[in-house]
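Here is the structure we will look at.
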Amino acid sequence: MKISLPVLLLPLAFTAMGQVKKTTSVQHYTNSRAPLRQNPYLELPLGAIKPHGWLREMLVRQKNGATGNLDKLYPLVMNERNGWLGGDGDQWERGPYWIDGLLPLAYILDDKELIAKTKPWVEWAIKSQQPDGYFGPSKDYPQEPGIQRDNSRDWWPKMVMLKILKQYYSATGDKRVITLMTNYFRYQLKELPRKPLDHWTFWARYRAGDNLMIVYWLYNITGDKFLLALGDLLHKQTFDYTNAFLNTDMLAKEGSIHCVNLAQGIKEPIVYYQHHPDKKYLDATVKGVGDIRKFNGMAHGLYGGDEALHGNNPTQGSELCSAVEMMFSLESMLEITGNVGYADQLEKIAFNALPTQVSDDYMSRQYFQQANQVMLTRHTRNFDVNHGGTDLCYGLLTGYPCCTSNMHQGWPKFTQNLWYATADKGLSALIYAPSEVKAYVANGTEVSFKEETNYPFEETVRFTLRTNDAVKAVTFPFHLRIPAWCKKGSVKINGNVWQEASSNQVVKINRAWKSGDVVELELPMHIFRNTWYENSMSVERGPLTYALKIGEEAKKIKNDKDPIDYGDSYVEMHPTTPWNYGLLRVAENRLDENYRVEKKGPVSLYPWNPESAPLLIKTKAKRIPSWQIYNEMTGPIPYSVTYMLETAKEEEEITLIPYGCTNLRISQFPVVGR
């Protein structure tokens with residue numbers, strides 16, 4: 001068990017049914033209309049990027065797992081009674097959450113069965129629009145166990161459906177989306193002064209960056225000036241993240257903000273920056289990301305939020321919704337700013353926090369994960385909220401069902417953001433994974449790149465260019481990112497070194513390209529460490545954090561107590577090997593001597609579990625007898641380096657594996673003397 005923004009303008013050929021089919025005569029991509037700022041990167045049409053290798057396997061497992069079958073697995077919410085299908089059932093966020101992941105998955109895989117499954121949701125949403133511009137469920141119903149039947153007119157769930165419709169338009173060009181959004185945004189401009197974002201619930205006030213993002217996206221298509229006025233109104237009514245990050249201690253205070261609100265809202269200053277390019281919006285977000293790391297950060301790339309912000313003790317939980325929403329925010333922030341630090345953070349979450357929190361078959365997940373996680377049992381722990389003690393157990397509905405519905409967007413949107421068109425009429429690969437892209441460069445020449453790699457487990461990324469036979473050569477820039485953790489990257493073109501580049505930058509290769517050209521990017525990985533809560537230490541290499549490999553015993557538990565709330569079963573896990581190790585204190589310049597990297601052979605198609613982990617790190621450690629289980633989790637972590645801390649006399653060799661491959665683990669270790 002293991003578990004956007006600028007618009008592409010396309011010539012379109014219309015059919016009689018309101019659907020459209022794209023022609024292949026696209027000449028160029030169009031970025032922002034004035035007065036919106038020109039962004040450096042532009043999202044490609046949904047379906048232009050295809051995953052390969054392990055990434056495609058992840059998406060296929062989603063198709064065969066809960067993403068492709070949630071209507072059958074979770075019929076209480078996802079059946080025809082759902083309010084977003086016109087029924088009297090769940091009226092709020094869960095239905096749209098599911099389709100927000102299912103729809104991009106369907107079009108990326110070009111899977112007709114999955115596409116057909118999305119259509120009733122899209123069609124009902126479009127046809128639900130009322131004469132005043134409102135769309136979506138509009139009637140509340142009495143309370144019923146397991147579903148949310150009130151707040152049907154809340155602004156927040158519409159924001160999720162707007163994201164869905166944007167993606168649907170990207171894949172199909174269906175102009176009914178433009179009509180619906182135009183009418184709905186006129187409705188918002190009229191109604192928000194009387195019924196502001198927090199009129200029904202407080203969620204929309206914190207998450208309206210998603211709304212604002214679509215408003216600017218539509219403006220780039222239609223040029224309707226009223227959309228800019230609506231953007232200003234939305235920003236004014238949204239929680240002031242800019243001020244909170246720059247001028248308050250919010251991120252240093254436990255309990256100050258909901259973890260998913262933070263993950264979604266962190267992009268709002270940068271989204272607004274497109275219309276009002278004041279440097280304070282960039283500065284606020286950079287400071288916000290830094291302060292999250294400083295006061296709440298953990299080795300997996302996320303933060304303590306279970307559900308309110310809850311510090312950086314490695315036994316605090318991180319919610320699965322935070323992972324996928326923070327990934328989407330970072331993707332949006334990268335596209336607008338070109339700040340490669342956001343790409344580093346995105347990969348950290350995608351390659352560490354995300355895979356561990358969902359089961360191998362994509363049928364179950366954890367609501368919370370812990371950076372130091374040694375026992376998954378039904379038990380009340382020191383979280384801000386507890387849901388019958390089920391929050392750490394793997395299950396379809398354990399913890400809370402929002403993540404059951406929302407987890408599906410992570411990998412599809414990651415795939416969608418592997419490649420971007422560029423403002424200088426080129427292509428960029430800023431995030432790395434096996435894939436292929438078809439796109440238009442220069443003044444409309446179609447090209448494709450095949451990206452062959454086992455990154456993040458290996459150091460080489462190979463790109464092969466293909467053009468039509470009629471194209472002798474085409475000149476365009478190709479952007480590649482050198483991550484901050486890479487001391488010196490190397491770019492080869494057709495076997496010859498073109499450039500060696502230092503870390504934390506984008507390399508731009510501007511040349512005349514021919515079909516068959518090969519670019520090889522070498523990103524040498526080295527062992528390094530980071531320091532966390534109580535001076536604990538994580539072991540890292542490249543974008544991967546490594547964690548103690550712990551023997552485990554899994555047991556499926558039948559839930560007769562409260563199946564409507566938490567599912568009819570869940571999986572608990574107990575450790576079968578010791579976990580209470582401290583790493584030996586080692587000088588920075590001797591890490592490579594003391595941490596031995598071993599490769600287990602070829603990277604498997606599905607590398608994300610303890611058995612398939614393609615890399616190991618061996619090192620020496622000592623057990624700490626006083627560090628024991630407390631409240632069915634690790635007791636208080638010893639401060640590093642504690643004077644006169646009692647440890648075992650003998651050193652033991654321990655095995656570390658990539659964090660994303662673990663179920664049980666220690667990823668933030670005490671440090672002890674020899």
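In this chain, residues are counted from 1 in sequence order.
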Cation-pi geometry met for Arg466 and Phe449 (6.0 Å, 45°):
no

Are the side chains of Asp198 and Tyr206 in touch, meaning some heavy atoms are under 4.5 Å apart?
no

If you take the centroid of each ring, where Trp contributes its six-membered ring, are Phe239 and Tyr241 closer together than 6.0 Å?
yes

Compute both the distance and the angle, then confirm whether Lys163 meets the cation-pi test with Phe328: under 6.0 Å from the six-membered ring centre, within 45 degrees of the axis.
yes

If you draw the axis of the six-membered ring of Trp513, does the NZ or CZ of Arg511 fall within 45° of it and under 6.0 Å from the ring centre?
yes

Beyond-backbone contact of Leu102 with Tyr107, side-chain heavy atoms, under 4.5 angstrom
no

I want to check something: taking the side chain as every heavy atom from C-beta on, are Leu228 and His275 in contact at a cut-off of under 4.5 Å?
yes

Within 6.0 angstrom of Asp469 CG, more than 12 heavy atoms from elsewhere:
no

Excluding sequence neighbours, so at least two apart, what forms salt bridge (charged side-chain N to carboxylate O under 4.0 Å, His left out) with Asp132?
none

With Ser502 via side-chain contact (heavy atoms from CB on, under 4.5 Å) - residues at least two apart:
Gln505

Compute both the distance and the angle, then confirm whether Arg37 meets the cation-pi test with Tyr273: under 6.0 Å from the six-membered ring centre, within 45 degrees of the axis.
no

Aromatic contact between Trp203 and His258, with the criterion being ring centroids under 6.0 Å apart: yes or no?
yes

